[in-house]
Structures are given as C-alpha cells and as structure tokens.
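Below is one structure, written out as structure tokens; comments come after it.
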Amino acid sequence: MDLFGLIYKFFGTVFPFEWAQSAFVIRALLGIIFLTLLCGAMGIMVVNFRMAFFSDTISHSAFTGVALGLLLGINPWMTLAIFAVIVGLGIIRVKRHTELSTDTVTGVFFSTVIAIGIAIISLRKGLNRDLQSYLFGDILTINEMELTAMIALFILGIIFIWLTYNKLLLIGLHEDLAFSKGMNTPLYQYIFAGLLAVVVAFGIRAVGLLLVTALLILPAASARNMARSAGSLFWWSMILALVSGIAGLASSLLWDVATGASVILAASLFFLISSMLRVIRTN
Amino acid sequence: MGPSIYIRNLTVRVDGRAILDNVSTEIPSGFVTAIIGPNGAGKTTMLKVILNQIDYAGEVSFKGSDGSRIIPKFGYVPQTLDFDRGLPMTALDFLLLPLQKGPLWWGRKGRFVEIAFESLKLVEASHLAGRQIGKLSGGELQRILLASALSSKPNLLLLDEPVSGVDIAGERLFCDLLDSIRMRENFTMVIVSHDLSLVSNHADRVICLNQMLVCHGTTDEMLTPANLQAVFGHHSDAIRSQHILRKDFKNASER
C-alpha cells in the first residue's frame with residue numbers, strides 16, 4: 001500500500017465519521033492544514049513589509065499565467081507559478097532600482113499583467129470558461145501529486161521562516177539598520193518575494209485568486225491584535241490561520257458553500273473578534 | 001580604539017545628478033565628528049557611503065591605530081523607525097532580532113538576552129525591556145536604537161539625526177549618555193545633524209557639506225559666521241539664532 005493509502009486508512013480508523021472515509025476530503029483537509037499554516041507564517045512578513053498590494057498583484061498575475069498556459073497548451077499550474085515568480089521578482093527588482101514608491105511600481109505591474117491576460121483571453125474564444133476555476137479555487141479537487149507538492153512547499157517555507165524570521169522582521173522595520181548589521185537585505189527580499197509568489201500560486205488552488213491575499217493578511221492581522229511579543233505573533237498567526245482553514249472546510253462541507261469563501265469568512269470573523277478583544281484590552 | 005576614515009575624491013550621482021561632488025576629508029579615530037549641512041547637502045548619503053550601502057566613485061578606507069586597513073564594526077542609529085505602531089514587539093525582542101540566530105518564536109536564548117540587557121543598561125533603559133516599541137516616546141525609542149547599535153560591540157558608531165524627533169529633555173539625556181558611553185568605549189563616532197547646539201556641545205570635529213566639502217576641522221574653528229553662511233546660505237542667521245537660543249535655554253536649565 002502506498003503512503004496515501006496508509007494515510008486514508010489512518011484517518012478512516014482514527015476518525016469514525018463519514019467524512020473520514022472519503023479520500024478527497026482527507027486530501028482537502030491535509031491540503032488546507034499545510035497551506036493555512038504556511039500562509040499564517042508568510043502572512044506575518046506580508047503585513048510587516050506592507051505587501052498586501054504586492055500579493056494581490058501576484059495573485060492577479062496568475063490569471064495571465066493560466067491564460068498563457070491554456071493558450072500554449074502547457075499545464076496552466078506550471079505557467080501560473082512561473083509567471084507569478086517572474087512578476088514577484090520583477091516588482092522587487094524595479095522597486096530597488098527606481099525612486100518610485102512601492103505602490104506605484106506594484107500598480108504598474110498590476111495593470112500591465114491584467115491587460116496582458118485580457119488580451120490573451122480575447123485572442124482565443126472560450127478560454128474565459130476555463131479560467132473560472134482559478135478565480136474561486138477548489139481545494140476539494142486537489143490530487144495526490146498537488147498535495148505532495150504542497151507539503152514540500154510547506155517544509156521549504158517553514159525552514160525559510162526558521163532561518164530568516166528575525167532578519168525579515170528587522171528588514172521590515174528599517175532596511176538600512178538591518179544592512180548595517182551585516183544582513184544581505186536585497187537577497188532576503190528576493191528570496192521572500194519568490195517564495196511568496198509560489199505560496200500564492202498554491203493558495204489560488206485552494207481559495208482562488210480573488211481571495212488568496214486575504215488568506216495571507218487576515219490571520220497575520222488578527223495575530224497582531226492578540227500577540228504581545230514578536231515570538232507569540234508567529235504562533236497566533238499560525239493557530240488562527242489553521243483554525244480558519246479547518247472551520248472553513250468543515251462549514252463548506254456542511255452547508256455546501258464554496259470552500260475558499262468559507263475559509264476567508266472564518267478568518268474575517270476571527271479578525272473581528274480579535275479587534276474587539278484588543279479594544280477591550282486597551283481600555 | 002575605533003578606526004580612522006579616509007575619504008578621497010568621493011562622488012555620488014543619482015540619475016546623473018551629483019549628490020556628493022569630489023569630497024575629500026578625514027574622520028580621525030576616537031573622536032566625535034559631526035557632518036552638518038542644509039537639507040539635500042548629502043549628509044545622509046555620506047553616512048550611507050561609509051556604511052557601504054550605495055555605489056560611489058572615489059575611495060573610502062578605514063585604518064586602525066597602526067595605519068593598516070581594517071574592516072570596521074558598525075553601530076548605526078537611524079533617525080527613527082518607520083513602522084506600524086500596532087506591531088507586537090517588545091524593546092527586548094527588537095534588540096534580539098540581529099543578535100539571536102534562532103527565530104524568536106522558538107524562545108529567547110539566555111546569552112543573547114544577557115547581551116541585550118547589558119546594552120539596555122548602558123543607555124539606562126533596562127526598565128523599557130518589556131515595553132512595546134510602538135508605545136515608546138521618541139526619546140525612549142532613540143535610546144533603544146542606541147542600545148541596539150551598542151549590542152554589536154561596534155568600534156565605529158554612526159548616528160543619523162539622532163535627536164530630530166526628541167524633546168529637549170530627551171535630547172539632553174541622549175547626548176549625556178553618548179558622552180559617557182564614548183568615554184568608556186573609545187570608539188569613533190560620526191553624527192549627521194542639522195542641530196548646531198548638539199554639534200557644538202558634543203562634537204570634536206565638523207565636516208560642513210553642501211554637496212561639496214565647504215570646510216572641515218575642529219568644531220570651535222569651523223562654526224564661524226562665515227562658514228555657516230557658506231553652508232546654510234540665507235538661512236544661516238536663523239540657524240545661528242536657534243543655536244544661541246537653545247544654548248541659552250540649556251545654560252538656564254543647568255543653572
């Protein structure tokens with residue numbers, strides 16, 4: 001029996017419920033666990049670097065990446081990830097070599113990649129129907145190969161965050177100060193942007209390109225409301241992302257709502273609660 | 001003992017425009033040297049050149065007491081931190097960021113915490129260790145930034161407008177701390193400032209910039225009306241008045 005066969009058997013035995021007997025639900029559950037944990041960790045830095053718009057641009061560039069894949073007859077997930085990384089690194093490169101503000105540079109990339117995507121779609125009729133699944137995502141259809149890739153990305157992401165957490169926080173606070181401490185600040189930013197682009201690509205698989213930024217931002221923003229130190233910020237973000245993911249998946253299965261939307265709604269609810277708790281604590 | 005800095009024919013251009021133009025000067029070992037000049041004079045650019053953060057033409061070298069070239073150990077105090085005040089980070093966390101290799105979410109390591117507390121003690125800020133950095137006043141935050149610079153045991157301390165957002169009481173405390181720390185540590189110190197009161201009270205030497213080198217030498221010799229006119233132009237009277245007023249205020253408060 002292969003590894004996934006053992007995992008399905010394990011879930012079926014340990015959890016005596018109907019859902020645990022379905023392989024696709026187990027795959028979706030594992031996928032959402034690894035993805036939300038990774039987004040919880042990476043999201044801290046997205047908020048720290050004020051990169052919400054950057055993340056949005058990456059996710060919308062996926063639209064063009066998919067359109068390119070469909071047009072050229074290549075696996076759209078591959079073109080999506082490659083295009084996302086190119087756009088992510090391109091933004092950082094241009095930002096570092098111009099006097100323009102980050103918002104302006106990101107805005108230029110955002111509108112350009114969307115325009116390219118629309119132009120490609122207009123070239124080939126019927127392409128827009130294929131694109132709908134990328135808009136909303138669907139973690140319930142994740143296959144074993146995609147799940148394996150997601151677990152590999154999770155391991156890579158956690159190793160990266162382990163090695164760079166303190167450094168990235170300091171770079172976000174003051175890049176020159178971090179540089180004076182001997183940190184190669186451009187290198188860290190390029191690696192982070194490249195990795196984030198791949199995480200966004202995987203996030204699109206789960207919640208769609210319209211909502212993937214929320215998956216990064218909401219748990220990290222809620223964690224800021226709850227945490228009192230740089231260390232606890234990480235754990236709050238991970239826990240809130242994970243609970244949002246599992247609660248969203250469960251409610252999606254219960255009430256037959258789109259998984260992406262229910263995950264983000266759960267995360268939004270946590271943000272609301274954390275904001276209220278912060279107000280109470282401050283007063 | 002901190003290094004001496006030798007700057008020869010330094011030129012920095014951005015988009016073809018010279019920010020610094022053929023500047024040659026020296027920053028001697030163990031002294032406090034202030035870089036002064038109006039906005040856009042290239043003061044912060046010179047600091048970035050010393051920190052090797054930007055491309056430049058010319059030569060910048062660091063020499064030890066025996067005249068041999070050395071790589072300095074930098075301590076850098078920025079003007080301020082531009083951050084979201086809601087960030088959950090204590091002053092102790094902030095000091096640990098560059099010190100501790102393992103992530104803070106895996107716990108604070110004892111020996112680095114000790115180093116951080118030693119630095120906090122140097123700037124008389126041990127009581128701020130558990131405070132959120134977003135809740136600190138301008139003066140308190142500058143002391144934490146100074147503690148962070150000192151935690152790496154530097155031999156060259158660079159400060160960029162260190163008291164620009166600090167009230168007069170905070171400024172005095174900060175400057176007194178700097179003086180007492182320098183007495184003990186004996187490093188080379190470079191301060192970028194437009195505050196002539198701070199410069200005349202605490203700097204041994206001055207480099208006057210206005211894209212080009214206007215003058216350099218001891219503070220007493222260089223802060224003359226003629227040099228101030230050459231550096232600050234039409235604003236020199238206002239700057240001198242402000243300097244005299246602040247000095248009078250300081251003398252009055254000391255009495």
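Letters go in sequence order (proteins before strands), and every chain restarts at 1.
Side-chain N or O atoms of Lys181(A) include one that pairs as donor or acceptor with a backbone N or O of Ser148(B) at under 3.5 Å. Side-chain N or O atoms of Asn166(A) include one that pairs as donor or acceptor with a backbone N or O of Gln100(B) at under 3.5 Å.
With a 4.5 Å cut-off on side-chain heavy atoms, Ser229(A) and Arg108(B) count as touching. At a threshold of 4.5 Å between non-hydrogen side-chain atoms, the residues Phe94(B) and Leu173(A) count as touching. Taking 4.5 Å as the limit, some side-chain heavy atom of Trp162(A) sits within range of a side-chain heavy atom of Trp106(B). Between Asp176(A) and Asp160(B) there is no side-chain heavy-atom pair separated by less than 4.5 Å. The closest side-chain heavy-atom distance from Pro98(B) to Met183(A) is below 4.5 Å.
Phe83(B) CZ to Arg50(A) CZ: the interatomic distance, rounded to the nearest 0.5 Å, is 9.5 Å. Here OH of Tyr165(A) is found 9.0 Å from CH2 of Trp105(B). Values are rounded to the nearest 0.5 Å.
The shortest non-hydrogen separation linking Pro88(B) to Ala227(A) is CB-O, 3.3 Å. The two residues Gln132(B) and Arg228(A) come nearest to each other via the heavy atoms NE2-O, 2.6 Å. Across every non-hydrogen atom of Phe179(A) and Leu51(B), the tightest pair is CE2-O, 3.6 Å. A pairwise comparison of heavy atoms in Ser180(A) and Phe74(B) identifies O-CB, 4.0 Å as the closest pair.
Looking at Ser151(B), only its side chain comes within 4.5 Å of chain A, counting heavy atoms on both sides. Heavy-atom distances place the side chain of Val14(B), and not its backbone, under 4.5 Å from chain A. Residue Met226(A): no heavy atom, backbone or side chain, is found under 4.5 Å from chain B. Residue contact with chain A, scored on non-hydrogen atoms closer than 4.5 Å, involves the side chain of Lys48(B) exclusively.
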Side chain to side chain contact (heavy atoms under 4.5 Å, CB included) assessment of Val47(A) paired with Leu87(B): CA-CA 10 Å; Val47(A) 175; Leu87(B) 174 70; over 6 Å; no
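With chain A as the partner, the residue from Leu145(B), Leu96(B), Asp93(B) showing the most heavy-atom pairs under 4.5 Å is Asp93(B). Ranked by heavy-atom pairs under 4.5 Å with chain B, the first of Leu233(A), Leu177(A), Thr164(A), Ile161(A) is Leu177(A). Ranked by heavy-atom pairs under 4.5 Å with chain A, the list Ala149(B), Gly107(B), Pro103(B) is led by Pro103(B).
Heavy atoms of other residues, nucleotides or ligands lying less than 6.0 angstrom from CZ of Arg281(A) number more than 12. Surrounding CZ of Arg96(A) are more than 12 heavy atoms belonging to other residues, nucleotides or ligands, all under 6.0 Å away. For Ile71(B), the CD1 atom sits in a loose shell: 12 or fewer heavy atoms of surrounding residues, nucleotides or ligands are nearer than 6.0 Å.
For the pair Arg224(A) and Asp84(B), the salt-bridge criterion is met [side-chain N within less than 4.0 Å of a carboxylate O].
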